[in-house]
Amino acid sequence: MVESMITKLEGDGLKVLSEDDSRVQYVEQILRPLIDSCIYFSPECEEYMRNLKVIVVEDDTVHAYTTMGGE
């Protein structure tokens, strides 16, 4: 699922940033407390939230996508 999302975004002409990019790390840093809060209030969603994969594309505006982990 992750790869198909990346393929679609790239097919649309967007550059998907690598996990090492500081902008991706910034988005992940913002998401961490949100994920923890979701799990706190809905423990049944822990597996889903822990398997989220962050996809950030390069653009003048912020575009961030998440999808269930897995290949």
Side-chain angles (χ1 to χ4, degrees):
M1 178 178 260
V2 174
E3 289 304 319
S4 63
M5 174 68 84
I6 291 172
T7 300
K8 181 190 178 331
L9 292 169
E10 290 176 337
D12 291 342
L14 297 169
K15 178 184 177 193
V16 176
L17 302 175
S18 75
E19 294 177 3
D20 297 332
D21 191 288
S22 62
R23 294 166 287 184
V24 175
Q25 293 172 359
Y26 179 70
V27 171
E28 289 177 340
Q29 180 182 357
I30 292 169
L31 281 176
R32 268 186 231 114
L34 295 172
I35 290 169
D36 291 341
S37 295
C38 287
I39 293 169
Y40 177 80
F41 288 107
S42 295
E44 67 277 5
C45 74
E46 182 170 7
E47 181 181 354
Y48 177 83
M49 297 305 289
R50 296 283 182 222
N51 288 312
L52 284 178
K53 180 77 173 162
V54 176
I55 300 170
V56 182
V57 298
E58 186 166 26
D59 197 70
D60 291 339
T61 58
V62 176
H63 295 280
Y65 306 88
T66 63
T67 185
M68 186 66 177
E71 298 303 319

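Below, each value reflects all heavy atoms present in this structure, side chains not excepted, and no hydrogens, waters or symmetry copies.
- Considering CZ of R32 and CD of E28, their distance stands at 6.5 Å, rounded to 0.5 Å.
- Not one N or O on the side chain of D12 forms a donor-acceptor pair closer than 3.5 Å with the backbone of L14.
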Would you list the atom pairs, donor with acceptor, under 3.5 Å between side chains in residues 33-46 and any protein atom, with sequence neighbours excluded?
unit_1, atom_1, unit_2, atom_2, d
D36, OD1, R50, NH1, 3.3
S37, OG, P33, O, 2.9

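- In this structure, the side chains of L31 and V54 come closer than 4.5 Å at one or more pairs of heavy atoms.
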Review point. Which is it for I55 and L9 under the side chain to side chain contact (heavy atoms under 4.5 Å, CB included) test, yes or no, and what are the steps along the way?
Key: CA-CA 10 Å; I55 300 170; L9 292 169; 3.7 Å; yes
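- Follow the hydrophobic side-chain contacts under 4.5 Å out from L52 and you reach V24 in the same cluster.
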